[in-house]
Structure formats: structure tokens, C-alpha cells
A.B. asks: 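Right, I'll just put the structure down here and ask away after.
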Amino acid sequence: MKIISLRNKNEISKKVSLILFSEIKKNPNLVLGLATGKTMIPIYKEFIKIVKKSRLELRKIKTFNLDEYHNVNNTNSMRNFMEKFFYNPLKIKKSQIHFLKNGENLRKTCRDYEISIIKSGGIDLQLLGIGRNGHVAFNEPGSPINSRCRLVTLANSTRIDAIKEFGSLEKVPIKALTLGIKNILQSKKIILIAFRKYKADAIKKAIDGPITKKIPASFLRKHKDVTIILDKEAGSLLKKI
Ligand code: GLP
């Protein structure tokens, strides 16, 4: 596991965007695993700037998103977030985008999603944020290392953190569809990003604590190509960087 500590979210956004840029430059058919959340907004904004400046070709990439709220209205969906902050500004075509969609048979939705990841050759580069309880995607504490794509119940702290987007706790969905830890660990390369003080405890437990399903992000230490990119505040409780 590689840890990169930077001064602030601007430096982090530049760093991650440059990694995305060079990975796509190397492999125009890159299969990209994408995340939503406030952490990703400055990164996507910076990446858009770089793409526009460099005219990087994105027509052949494929994207797979990690998760989606269950029975969510369009405005608050993760799909909508991605349209706004990534797909529309970058003119990513529908045929390039893969998303977990709500529907009748969610088991089948999940199995089909896993199959389409495999058919695309697997995720080359997965971006991840982290919840303050140590979740990755919506793998809440208690998610085992062999967990796969499924419908999960959100932790209270996760729902509380989403109040800003939804307006009130009652409006925050109770469940969500998510890729599992096993799916995430099958990605070839993983980059987890965290900034601000309120992520420091989760980062400390994920990196310095035991590998346990109580902190699902700790399972990332089982992967051979993980980079954690942090600002000083998010890394402030680590033993050493
Ligand atoms: C959400 C998402 C995660 C995200 C995390 C952190 O619940 N399911 O994919 O990484 O929480 O979100 P934020 O970046 O807003 O702190």
C-alpha cells in the first residue's frame, strides 16, 4: 500500500487527475471504476480541465459506478451526480456508462452488473472515497471480504452524512445497491482519496488498525496495488506516513 500525503484538496485533485490522464493516455480503452461523493467533485472538476486542455480522447473508455441508492428520485441519484459532474461535461456516451439500476429483480441486476464488468475485461482503475465509519462504496461495517454486489442497509452515520443532499433524514434512502468488497478487490489498481479532519479516524483505523469487517476499508490492505491519497488533516492520526 502506497500512501501519498499532500497539502490540500487542490493538490490532491491535481494528483488524481494526472493519474487518470496518464492511465487513459497509456490505455485509451481503460475501464474506469468511479465513485460519487463530495470528495470526488474537485477531482472531477480538475480532470475536466485537463481533458479540455489536452484534448484527451475519452471515446473508448468504459465507466462502472460503485453504487446507487435504492428507490431514489432522479435528482438525488448517484447517476444524476455523475451526469452533472462527469458524463455531461466530458461528453461520455450512454454506451460507455454502466450503472447499477433499480428495478424488480435486484439480484439479477447485481449478477448482470458483475458479468458486464468481467466482459469488459475487469476494472483497470478504481477510484474510492471512504465513509467516516470506514465504509467503501456502500460496504458498511460488517461487510465481509468476500461480499459481492448486493442490496444493503445504510448505516446511520452514512444516512446522517447524506442529509445535506436530501434535505432531511427521512428523505435519505434506507438501502442502496453496491459493489461488494470482493468486486472492489478484483480491480487492477485502486486509489482511495480522503481529505479533511472528519475522515482522520476512519483513515487511521483502515491503515494502522486490524484488518477487519468492522472497518471495510481495512480490506484494501489485501490488494497489491492500492494508493491512498490524503491531505494532512485526513492523515493526522496516522503513526507515520
Ligand atoms: C458515500 C459513498 C461512497 C463515498 C463516501 C464518502 O456514502 N457511497 O462511495 O466514498 O460515502 O463520501 P464523501 O466523499 O461525500 O465524504
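As the structure lists them, so they are numbered: ligands from 1, and atoms in each ligand from 1.
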A.B. asks: Can you sort out which atoms of ligand 1 are near Asp67, meaning under 4.0 Å from one of its heavy atoms?
C.D. replies: 2 (C), 8 (N), 9 (O)

A.B. asks: Quick check on contacts: which atoms of ligand 1 are under 4.0 angstrom from a heavy atom of Gly37?
C.D. replies: 14 (O), 15 (O)

A.B. asks: Does Lys93 offer a backbone N or O that forms a donor-acceptor pair with the side chain of Gln96 under 3.5 Å?
C.D. replies: yes

A.B. asks: Determine the minimum heavy-atom distance between Asn133 and Pro141, stating which atoms define it.
C.D. replies: ND2-CD, 3.3 Å

A.B. asks: Atom 15 (O) of ligand 1: which protein heavy atom is closest, and how many Å away?
C.D. replies: Lys38 N, 2.8 Å

A.B. asks: Quick one: which ligand 1 atoms are inside 4.0 Å of a heavy atom on Gly129?
C.D. replies: 10 (O)

A.B. asks: Please state whether the rings of Phe81 and Phe85 are parallel, tilted or perpendicular, taking 30° and 60° as the class boundaries.
C.D. replies: tilted

A.B. asks: Looking only at protein heavy atoms, identify the closest one to atom 4 (C) of ligand 1 and say how far it is in Å.
C.D. replies: Thr36 O, 3.9 Å

A.B. asks: With a cut-off of 4.0 Å, which atoms of ligand 1 are near a heavy atom of Tyr198?
C.D. replies: 16 (O)

A.B. asks: If the condition is ring pair (Phe, Tyr, Trp, His ring centres under 6.0 Å), which residues does Phe64 pass it with, not counting sequence neighbours?
C.D. replies: His98, Tyr113

A.B. asks: Measure centre to centre between the rings of Tyr44 and Phe86, then say whether the value is under 6.0 Å.
C.D. replies: yes

A.B. asks: Can you give the donor-acceptor pairs under 3.5 Å from side chains of residues 202-211 to other protein atoms, not counting sequence neighbours?
C.D. replies:
| from | atom 1 | to | atom 2 | distance (Å) |
| --- | --- | --- | --- | --- |
| Lys205 | NZ | Asp201 | OD2 | 2.9 |
| Asp208 | OD2 | Lys239 | N | 2.9 |

A.B. asks: Start with the C-alpha distance between Glu83 and Lys94, add both sets of side-chain angles, then the distance that settles salt bridge (Lys or Arg N to Asp or Glu O under 4.0 Å), and finish with yes or no.
C.D. replies: CA-CA 10 Å; Glu83 300 283 352; Lys94 280 210 166 62; 5.8 Å; no

A.B. asks: If the contact criterion is a heavy-atom separation under 4.0 Å, does Tyr69 count as touching ligand 1?
C.D. replies: no

A.B. asks: Considering heavy atoms of the protein only, find what lies nearest to atom 14 (O) of ligand 1 and give residue, atom and distance to 0.1 Å.
C.D. replies: Thr39 OG1, 2.5 Å

A.B. asks: When you compare the side chains of Lys2 and Thr227, does any donor N or O come within less than 3.5 Å of an acceptor on the partner?
C.D. replies: no

A.B. asks: Under 4.0 Å between a Lys/Arg side-chain N and an Asp/Glu carboxylate O for Lys49 and Glu46?
C.D. replies: yes

A.B. asks: At a 4.0 Å threshold, what atoms of ligand 1 neighbour a non-hydrogen atom of His135?
C.D. replies: 1 (C), 5 (C), 7 (O), 11 (O)

A.B. asks: Can you tell me which residue and heavy atom of the protein come closest to atom 7 (O) of ligand 1, and the distance to 0.1 Å?
C.D. replies: Phe138 CE2, 3.0 Å

A.B. asks: Using a 4.0 Å heavy-atom cut-off, which part of Ala137 comes near ligand 1: side chain, backbone, both, or neither?
C.D. replies: backbone

A.B. asks: Only heavy atoms of Ile130, strictly under 4.0 Å: list the atoms of ligand 1 that pass.
C.D. replies: 6 (C), 10 (O)

A.B. asks: Under 4.0 Å, counting heavy atoms only: does Lys199 come that close to any atom of ligand 1?
C.D. replies: yes

